[in-house]
Every structure is written in C-alpha cells, then in structure tokens.
Amino acid sequence: MGRNKKLALILVLGCGIVCLIVVSGARSNSRRATLNKATLLSPPNGFQRAREQNGRPSSLEDIKKRFPKIDYDAPEPTDPAERSKRRNKGKHYDNGYLSKEPTHYSSGLVSEWDLNLPALPVAQSNAVVIGKTLSGGAFLSNDKTGVYTELSAKIEEVLSTDKDSVTKGKVIDLSRMGGVVRYGTGEESLFHIVGQNMPTVAKRYLFFLKAIPDSQDFEIITAYELGSLGVTALDAPGQFTHYNGLDEATFLDTVRTVVSEKKKQS
C-alpha cells in the first residue's frame with residue numbers, strides 16, 4: 001500500500017473514533033440531563049432489579065397489584081363534608097406529573113425522593129410508629145395532575161413522635177404519592193416514585209412518617225413490614241434492604257437505640 005493511501009486510511013479511522021467518542025459523550029450527557037430532572041421512566045428497570053434481588057414482586061403487573069386504582073373521570077364526593085375533606089387532602093398533590101392520557105406503561109419519577117435517606121430515618125420523621133393498615137384507596141389531586149394513595153392505620157406502639165395527636169390505639173391517615181389510574185378507554189397506567197412501594201392492607205409495619213402541613217395526616221417516608229418471616233423493607237434502595245430477614249425483636253431494638261440517640265442529641 002502506498003504511503004498516501006496509508007495516511008488516508010489512518011485519517012478515516014481517526015475520524016471514526018472521534019465520532020464514536022462524540023456520540024457516546026452526547027448520549028452520556030443526555031442521560032445525565034434526563035436523570036437530573038423530574039423524569040418519567042418507562043419502565044423503572046432499577047426498581048424491578050431491586051425487587052428481583054429482594055424476592056419481592058418484579059414484573060410490572062405484580063408491582064401494579066400493590067397500588068390501588070382510581071378512575072381518571074371519577075366524580076367528586078357528593079357529601080359536602082367529604083368533598084371538603086378530600087379537597088384539603090388533594091391539594092398537597094397538585095401540580096404533579098399525571099398524564100391526561102394513558103401512558104401504556106409504568107411512569108415513575110426519579111427525583112421526587114431522597115434516595116440517600118438513611119435506612120432508619122428517625123431524624124427525618126415526625127413520628128415513628130408500629131401500626132396495622134386497615135383500609136386504603138387511590139385518589140386524584142384537585143387539579144388531576146397527581147395521584148396518591150391514602151391508608152388508615154391503627155397505632156400499636158409509638159416509638160418516637162413530636163405530635164401530641166399520635167398515641168397508641170389511635171387510627172391515623174397515611175398517604176404516599178402513587179396509584180393506578182384507569183382511563184375511559186379501559187387502559188390503566190401506574191404512576192409512582194421509582195423505588196417506592198405501597199403498603200398492603202391488613203399488614204403490620206414500622207412506619208417512618210412526615211407530618212403533612214395544615215393537616216392531621218402523615219406522609220410515608222419509608223416503612224418495614226413486620227411478618228412471621230422477619231422484617232421486609234417496603235422500598236427498593238439497598239440501604240433499606242439491609243434489615244431484610246432480621247427477626248422483629250432484634251430489629252425493633254435497633255430502631256429504639258437510634259431513637260434514644262436522637263433524643264440525647266436534642
């Protein structure tokens with residue numbers, strides 16, 4: 001091969017490598033930009049991988065079964081008191097991410113939750129309680145841009161609280177963003193925060209709760225199911241799954257120690 005032909009070949013190969021680097025860099029920057037926004041993922045693959053590792057539901061249909069359903073065209077309650085109550089609760093989920101049309105897949109926000117929360121977020125909680133879920137349902141926000149699930153739970157034990165309204169034996173309302181929205185076409189779409197699951201009715205949990213402003217209700221920060229097979233993290237990020245399989249007594253002793261340390265620092 002002549003020298004000129006060799007130089008030409010080298011130049012062509014060099015340009016090709018540069019192009020690959022540029023394209024790869026552009027894709028990487030685009031991905032970072034996407035993840036830095038309140039992005040909708042379809043489907044939440046990281047969430048599914050975590051569920052598979054934890055032995056929890058991994059398929060989209062299995063995950064959807066944990067979330068209650070609400071019709072997008074559901075009318076407001078006819079009772080004035082109930083309607084006022086629901087509007088007061090729904091306003092906290094206005095200006096959301098809900099689509100007016102079915103998405104045909106699961107949509108999950110990646111930046112609406114602090115994934116760096118400690119496994120036992122006592123310091124971030126207004127209340128840490130053991131309770132049993134009694135009932136639950138999904139609701140739309142007032143402007144129909146958000147969907148949230150509300151659960152009632154009876155408090156079995158209060159480990160920590162700064163709210164006088166939180167007492168043993170009381171039934172409180174808990175909520176969390178997310179739910180399955182059923183559209184007029186019959187299609188259903190799951191909207192939720194990636195990594196967050198929904199508690200099951202008639203199960204016992206250790207709840208970490210955040211007070212909702214201008215309300216007696218609480219938002220679920222995270223929770224742990226307390227069952228016969230030991231502790232199971234409700235949510236997917238790895239720091240929570242650290243306690244999976246631990247017996248209830250040992251786990252609660254650990255939580256009480258963290259609560260005690262927090263009180264000493266206060």
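Side-chain heavy-atom separations under 4.5 angstrom define the hydrophobic clusters, and the remaining members of the one that includes Val171 are Leu134.
Taking Phe207 as the reference, Tyr205 meet the ring-ring contact (aromatic ring centres under 6.0 Å, His included) condition, with sequence neighbours excluded. Taking Phe251 as the reference, Tyr224, Tyr243 meet the ring-ring contact (aromatic ring centres under 6.0 Å, His included) condition, with sequence neighbours excluded. In terms of the salt bridge (Lys or Arg N to Asp or Glu O under 4.0 Å) criterion, Asp162 has no residue partners (sequence neighbours excluded). Partners of Glu156 according to the salt bridge (Lys or Arg N to Asp or Glu O under 4.0 Å) rule, which considers only residues two or more places apart in sequence or in another chain, are Arg204.
Only one option out of Asn126, Leu117, Leu209 pairs with Ile221 in a side-chain contact (heavy atoms from CB on, under 4.5 Å); it is Leu117.
Between Asp143 and Gly146, the shortest heavy-atom contact is OD1-N, 4.3 Å. Nearest heavy-atom pair across Thr185 and Pro102 is OG1-CG, 4.1 Å. Between Ser125 and Val128, the shortest heavy-atom contact is CB-CG2, 4.0 Å. Across all non-hydrogen atoms, the minimal contact from Ser175 to Ile212 is OG-CD1, 3.4 Å.
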Under the salt bridge (charged side-chain N to carboxylate O under 4.0 Å, His left out) rule, what do Glu76 and Arg86 come out as? Steps first, then yes or no, please.
CA-CA 8 Å; Glu76 287 190 295; Arg86 190 50 54 195; over 6 Å; no

Run the side-chain contact (heavy atoms from CB on, under 4.5 Å) test on Tyr97 and Thr145 for me, step by step, so that the C-alpha distance in whole Å, both residues' side-chain angles and the decisive distance to 0.1 Å come before the verdict.
CA-CA 6 Å; Tyr97 55 91; Thr145 64; over 6 Å; no

Salt bridge (charged side-chain N to carboxylate O under 4.0 Å, His left out) for Asp94 and Lys144? Distances and angles first, verdict last.
CA-CA 7 Å; Asp94 282 340; Lys144 289 193 172 186; over 6 Å; no

Evaluation steps, side chain to side chain donor-acceptor pair (under 3.5 Å), between Thr232 and Asn244:
CA-CA 5 Å; Thr232 306; Asn244 279 359; 5.1 Å; no

Give the intermediate values and the outcome of side chain to side chain donor-acceptor pair (under 3.5 Å) for residues Arg83 and Thr78.
CA-CA 7 Å; Arg83 184 166 60 247; Thr78 55; over 6 Å; no

Please evaluate residues Leu190 and Ile63 with respect to the criterion side-chain contact (heavy atoms from CB on, under 4.5 Å), reporting the C-alpha separation (whole Å), side-chain torsions for both, the decisive distance (0.1 Å), and the verdict.
CA-CA 9 Å; Leu190 168 64; Ile63 294 171; 3.9 Å; yes

Test log, rule side-chain contact (heavy atoms from CB on, under 4.5 Å), inputs Ile220 and Leu151:
CA-CA 10 Å; Ile220 300 170; Leu151 297 145; 4.2 Å; yes

List the steps and the verdict of side chain to side chain donor-acceptor pair (under 3.5 Å) for Thr250 and Asp247.
CA-CA 6 Å; Thr250 302; Asp247 66 277; 2.8 Å; yes

List the steps, then state whether side-chain contact (heavy atoms from CB on, under 4.5 Å) holds for Leu98 with Leu140.
CA-CA 9 Å; Leu98 182 62; Leu140 295 177; 3.5 Å; yes

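With rounding to the nearest 0.5 Å, the separation of CD in Gln196 from CG in Leu234 is 8.0 Å. Considering NZ of Lys89 and CG of Asn142, their distance stands at 12.0 Å, rounded to 0.5 Å. Here the straight-line distance linking atom NZ of Lys85 with atom CD of Glu82 works out to 5.0 Å at 0.5 Å rounding. The CZ atom of Phe218 sits 4.5 Å away from atom OG of Ser165, with the distance rounded to the nearest 0.5 Å. Taking CD1 of Ile70 as the reference point, atom OH of Tyr148 lies at 9.0 Å (rounded to 0.5 Å). In this structure, CG on Asn116 lies 7.5 Å from CD on Gln239, to the nearest 0.5 angstrom.
Around NZ of Lys262, the count of heavy atoms belonging to other residues, nucleotides or ligands within 6.0 Å exceeds 12. Counting non-hydrogen atoms of other residues, nucleotides and ligands closer than 6.0 Å to NZ of Lys203 gives a total of 12 or fewer. Within 6.0 Å of the CD atom in Glu101, the count of heavy atoms belonging to other residues, nucleotides or ligands does not exceed 12.
Looking only at distances, a side-chain donor or acceptor of Arg176 sits under 3.5 Å from a matching main-chain atom of Asn197.
For the ring-ring contact (aromatic ring centres under 6.0 Å, His included) condition, the pairs that include at least one residue of residues 149-190, sequence neighbours left out, are Tyr72-Tyr183.
When side chains are defined from C-beta on, Ile172 does not count as touching Ser152, because their heavy atoms never get closer than 4.5 Å.
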